[in-house]
Amino acid sequence: KKLIDKYSYNSKVPILELLREEDQELKFLANYVYDKVFVNYTVKQWGLKPQDIEPQVTARIPICISRDNRYFTDKYQAVPKEGYTKIFERMLNHPNIKIVLNTDFKEVLSIDFDTKEIYFMGQEFKGRLIFTGMIDELFNFKYGYLPYRSLDLKFETIEKEYYQEAPVVNYPNDYDFTRITEFKHIHIAKSEKTTILKEYPKAYEPNRDIPYYPVFTKESQEIYNMYKEEADKFENLILIGRLAEYRYYDMDDVVKRSLEVFEEGIK
Ligand SMILES: Cc1cc2nc3c(=O)[nH]c(=O)nc-3n(C[C@H](O)[C@H](O)[C@H](O)COP(=O)(O)OP(=O)(O)OC[C@H]3O[C@@H](n4cnc5c(N)ncnc54)[C@H](O)[C@@H]3O)c2cc1C
């Protein structure tokens, strides 16, 4: 009752806000949730304590004061009927699109940082360049390395029809993995076996790992801002995505962002 009186039913409260509660009972509750759900998970996922990471990160998983146990509450929720691979295959199957795989951008692209000229395969390129890689790598790490978090993704095939009851089950306190995803719940498939994925977070090591997540701290934001300022000096350079904008985007966010950028600056 106290919780509802203070925050109202159906509201979402960031854990760091709840922890600042003065009321003893609410404080007890906040500490309980923090200890059981947040602290170990955050350390496992980010390698940092919740206090050392920007509040926007822990705020992504708010405490919901309601009986709605969905993670996303969007009105419409769906995955592509034939999966994401088919969507991208069909989009990329266009005569104007040429795909070059297994090629680092530095093999085909170079930038003269003084004159702001961009070269593609040795020739000056005057069109618009859309870059989705790491912004610090684009500028040869001149302001230092931005921190990223990586993952070991381990798939397992299990000899039974279902492994767990939900598509994703989080393990905040036990084991080295953070969560197990069972895809059968998302793309309904009939099979006697099932495939699960365990995610083991780890520090990102350049040239060894895939950078999956930007790590938001005060210092990393400051470094990012310097790169952003540098990028803004280029008229034809468009940076989009998790790595290029150093933002935490979900699929829907990044699609929305791409459409916005297209409407504003490309069309
Ligand atoms: C484990 C995991 C689970 C996720 N689950 C969900 C989910 O359930 N729902 C959801 O909505 N979102 C989810 N996401 C987020 C989703 O994957 C991202 O929102 C989306 O991929 C972001 O798109 P992007 O274009 O910004 O980056 P990316 O998809 O990472 O694309 C960047 C591209 O740039 C390329 N690139 C990078 N560096 C170079 C280089 N040096 N040279 C050449 N190419 C380069 C990469 O190969 C990559 O193809 C998840 C992410 C992870 C890591």
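When a ligand or atom number is given, it counts from 1 through the structure's own listing order. The shown structure was predicted, so the numbers you read here are calculated from the model rather than taken from an experiment.
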Atom 49 (O) of ligand 1: any protein heavy atom closer than 4.0 Å: no
Please tell me whether Ser191 and Glu161 have a donor and an acceptor in their side chains that are separated by less than 3.5 angstrom. no
Residue, atom and distance of the protein heavy atom nearest atom 33 (C) of ligand 1 read Thr132 OG1, 3.4 Å
Answer yes or no: is there a side-chain heavy-atom contact under 4.5 Å between Phe177 and Lys154?
-> no
Short version for Glu199: what comes under 4.0 Å of ligand 1, heavy atoms counted, is side chain
I'd like to know whether NZ of Lys116 has more than 12 heavy-atom contacts from other residues, nucleotides or ligands below 6.0 angstrom.
yes
The option among Glu245, Arg257, Arg242, Met251 carrying the non-hydrogen atom nearest to atom 10 (C) of ligand 1 is Met251
For atom 13 (C) of ligand 1, the closest protein heavy atom turns out to be Asp250 OD1, 3.8 Å
If you scan protein heavy atoms around atom 1 (C) of ligand 1, the nearest is Leu151 CD1, 3.5 Å
Tell me if the CG atom of Asp176 is crowded by more than 12 foreign heavy atoms within 6.0 Å.
no
Closest to atom 45 (C) of ligand 1 among protein heavy atoms sits Gly133 CA, 4.7 Å
A student checking ligand 1 against Tyr213 at a 4.0 Å heavy-atom cut-off should list atoms 1 (C), 2 (C), 52 (C), 53 (C)
Check: Gly241 N/O within less than 3.5 Å of ligand 1 N/O: no
Original post:
Quick check: are there more than 12 heavy atoms from other residues, nucleotides or ligands sitting under 6.0 Å from CD of Glu124?
Top reply: yes
Residues, nucleotides or ligands: over 12 heavy atoms within 6.0 Å of Glu107 CD
yes
the protein heavy atom lying closest to atom 23 (O) of ligand 1 turns out to be Val254 CG1, 3.7 Å
Q. Quick one: does atom 7 (C) of ligand 1 have a protein heavy atom under 4.0 Å from it?
A. no
Here the atoms of ligand 1 under 4.0 Å from any heavy atom belonging to Asp104 are 40 (C), 41 (N), 42 (N)
Taking every heavy atom of Tyr9 against every heavy atom of Ser66, the minimum-distance pair comes out as CE1-CA, 3.6 Å
Salt-bridged, Glu117 to Lys126, with N to O below 4.0 Å? no
protein heavy-atom neighbour closest to atom 42 (N) of ligand 1 works out as Phe105 N, 3.0 Å
Checklist entry - Quick one: do Asp5 and Lys1 make a salt bridge, cutoff under 4.0 Å? => result yes
heavy-atom search around atom 44 (N) of ligand 1 in the protein gives Thr103 O, 4.6 Å
Exercise for review: Return yes or no for this condition: an N or O of Glu137 is under 3.5 Å from an N or O of ligand 1.
Suggested key: yes
Query raised in the report: Are there protein heavy-atom neighbours of atom 3 (C) of ligand 1 below 4.0 Å?
Result: yes
- [ ] Look up atom 31 (O) of ligand 1 and tell me if a protein heavy atom lies less than 4.0 Å from it?
- [x] no
- Would you call Arg179 a ligand 1 contact, heavy-atom distance under 4.0 Å? yes
- Message: Counting only heavy atoms from other residues, nucleotides and ligands, does the tally under 6.0 Å from NZ of Lys81 exceed 12?
- Response: no
* Asked: Would you say the side-chain atoms of Thr42 pair up with the backbone N or O of Lys49, donor to acceptor, closer than 3.5 Å?
  -> no
For atom 28 (P) of ligand 1, is there a protein heavy atom at a distance under 4.0 Å?
no
request  = Give a yes or no on this: more than 12 heavy atoms of other residues, nucleotides or ligands lie within 6.0 Å of atom NZ of Lys256.
outcome  = no
For Phe28, does the CZ atom sit with more than 12 other heavy atoms under 6.0 Å from it, leaving out its own atoms?
no
Query raised in the report: Can you tell me if Asp253 has a non-hydrogen atom under 4.0 Å from ligand 1?
Result: no
Heavy-atom proximity to atom 53 (C) of ligand 1 ranks first, among Tyr212, Tyr248, Tyr249, for Tyr212
